[in-house]
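Heads up: numbering here begins at 1 and tracks the sequence.
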Amino acid sequence: MTLSPLLLLVLFAPDTYIYIGWGVLLVLSLLAVVVFRRTRRRWLRLLCVAHVILLWYVFLWGSYIGVTKLDVVRVELEYDDLPEAFDGYKIVHFVDAHVASFDGWREKYLLAAIDSINAQHADAVVFTGDLQNREPSEVSSHLAVLKRISARDGVFSVLGNHDYPMYMPSATVQEKQQHERMTRKMQEDMGWKLLLNSNRTVYRGHDSIVIAGMENDGTGRFPELGDMKRALDGVGSQAFVVMLEHDPSAWQRKILPYRQRQPQLTLSGHTHGGQLALLGLSPAALTYKHHTGMYTSGKRKLFVTKGLGGVIPFRFGVSPEIVVITLHKRPSA
């Protein structure tokens, strides 16, 4: 795979992006001053001043305030085929932690997010990928914090595109394989149930639901490793299935077309909600058909969360979030 400009970006440490932002804005501000001094047109002067103020406001808010926020989004879902014993079953969904972006002064905000997750007293916590930016060593300093996440039925997880060694272009094949093993082992050491095209059954008495997970299944430069047949191996035709998949584009490409068995609910992330929204418009909408919130196809649903972090620690108009999903048995007519 050739190294694209986008892949080069992730070679920087998270705070390097902030320094680059400062530099770019200083240059733009100087250019605005030059235009301001040389033009006699009042409207152009006002435009220069307004643009500089807006750019600095968005940059400073997004880099130092927006990243500190946390929304707790609550979603109530009703299903005809949810087993009776799972009426009120609570799932906390989080994704795109990118924990290296919580180093230093931002670490307390990762702690606050985990405290919020635990405060929900969930039946299950699900993580749908991108724990790291580039390599598993970034997770090491946060292991003790991540181990604190708990739920009655445990933590279930899948890998995102950043959890594969695709962002280590100079590494040898052996080094990439070793790093991928470390990534998987680290989640297992935390007690998370890592689902690699596999599934687990959760029981309440004689009733049960299935939590399944596909490996990352993206398009273009992203790993396309999802296997629905393996992920749902052994799952009965009447089972209630919650599918975990990092990339929401897989819902329409692989999950819905799989006729042998379609999960009732799919949970994804990956888009970060674009991390920037102005007047309700986000760049994520230009790239992904399913980019934020709830989507429905017949009786099947997809929820895409905006996630916690990002390689670039910046959020404007798109706050970090965790999602609390409560499943309900639809009352009989």
If you measure only the distance, is there a donor-acceptor pair under 3.5 Å linking the side chains of [X] and [Y]?
| X | Y | value |
| --- | --- | --- |
| Asp81 | Gln264 | yes |
| Trp56 | Ser29 | yes |
| His142 | Asp103 | yes |
| Thr219 | Glu224 | no |
| Thr266 | Glu245 | no |
| Gln252 | His290 | no |
| Tyr167 | Glu135 | no |

For [X], does the [atom1] atom have more than 12 heavy-atom neighbours from other residues, nucleotides or ligands under 6.0 Å away?
| X | atom1 | value |
| --- | --- | --- |
| His51 | NE2 | no |
| Tyr19 | OH | no |
| Gln260 | CD | yes |
| Tyr64 | OH | yes |

Is a salt bridge present between [X] and [Y], judged by a nitrogen-to-oxygen distance below 4.0 Å?
| X | Y | answer |
| --- | --- | --- |
| Arg204 | Asp123 | yes |
| Asp153 | Lys90 | no |
| Asp189 | Lys185 | yes |
| Glu188 | Arg184 | no |

State the [atom1]-[atom2] distance between [X] and [Y], to the nearest 0.5 angstrom.
| X | Y | atom1 | atom2 | answer |
| --- | --- | --- | --- | --- |
| Glu215 | Leu244 | CD | CG | 13.0 Å |
| Met294 | Leu302 | CE | CG | 8.0 Å |
| Ser319 | Leu70 | OG | CG | 8.5 Å |
| Ser141 | Glu138 | OG | CD | 9.0 Å |
| Leu327 | Leu265 | CG | CG | 6.5 Å |
| Gln262 | Leu232 | CD | CG | 10.5 Å |

Residue pair Asp115, Arg148: steps toward the salt bridge (Lys or Arg N to Asp or Glu O under 4.0 Å) verdict: CA-CA 9 Å; Asp115 286 343; Arg148 289 170 46 187; 2.5 Å; yes
Test side chain to side chain contact (heavy atoms under 4.5 Å, CB included) applied to Phe94 and Val125, step by step: CA-CA 8 Å; Phe94 77 113; Val125 172; 3.7 Å; yes
Smallest separation among heavy atoms of [X] and [Y], with atom names:
| X | Y | answer |
| --- | --- | --- |
| Leu196 | Leu159 | CD2-CD1, 3.8 Å |
| Trp251 | Thr296 | CH2-C, 3.9 Å |
| Gly273 | Thr292 | CA-OG1, 3.7 Å |
| Leu278 | Val58 | CD2-CG2, 4.5 Å |
| His98 | Asn133 | ND1-OD1, 2.8 Å |
| Ala124 | Tyr89 | CB-OH, 3.5 Å |

Centroid separation [X] to [Y] less than 6.0 Å:
| X | Y | value |
| --- | --- | --- |
| Trp192 | Phe127 | yes |
| Phe240 | Tyr79 | yes |
| Phe222 | His270 | yes |
| Trp22 | Phe59 | yes |

Do side-chain atoms of [X] reach the backbone of [Y] as a donor and acceptor pair under 3.5 angstrom?
| X | Y | result |
| --- | --- | --- |
| Lys254 | Gly226 | yes |
| Asn199 | Gly213 | no |
| Asp71 | Val73 | no |
| Lys329 | Phe86 | no |
| Thr271 | Gly274 | no |

Do [X] and [Y] have side chains that approach each other closer than 4.5 Å (heavy atoms only, starting at C-beta)?
| X | Y | result |
| --- | --- | --- |
| Val145 | Leu111 | yes |
| Arg315 | Lys306 | yes |
| Arg200 | Leu195 | yes |
| Ile325 | Glu76 | no |

Sole candidate of Leu47, Val52, Ile53 that passes side-chain contact (heavy atoms from CB on, under 4.5 Å) when paired with Val49: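 It is Ile53, the one option of Leu47, Val52, Ile53 that forms the side-chain contact (heavy atoms from CB on, under 4.5 Å) with Val49.
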[X], [Y]: one ILVMFWY side-chain cluster at the under-4.5 Å cut-off?
| X | Y | answer |
| --- | --- | --- |
| Trp105 | Leu110 | yes |
| Val95 | Met190 | no |
| Val304 | Leu308 | no |
| Met186 | Leu146 | yes |
| Phe36 | Leu25 | no |

CA sep, side-chain torsions, deciding dist, call: His162, Arg134, side chain to side chain contact (heavy atoms under 4.5 Å, CB included): CA-CA 6 Å; His162 281 269; Arg134 190 158 64 102; 6.0 Å; no
Residue pair Ser157, Gln187: steps toward the side-chain hydrogen bond (donor to acceptor under 3.5 Å, both in side chains) verdict: CA-CA 8 Å; Ser157 65; Gln187 294 201 27; 2.6 Å; yes
Audit row: Val75, Phe303, side chain to side chain contact (heavy atoms under 4.5 Å, CB included) steps and yes/no: CA-CA 10 Å; Val75 179; Phe303 191 90; 3.8 Å; yes
Candidates Asp163, Thr128, Asn161 - the one meeting side chain to side chain donor-acceptor pair (under 3.5 Å) with His246: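 Only one of Asp163, Thr128, Asn161 forms a side chain to side chain donor-acceptor pair (under 3.5 Å) with His246, namely Asn161.
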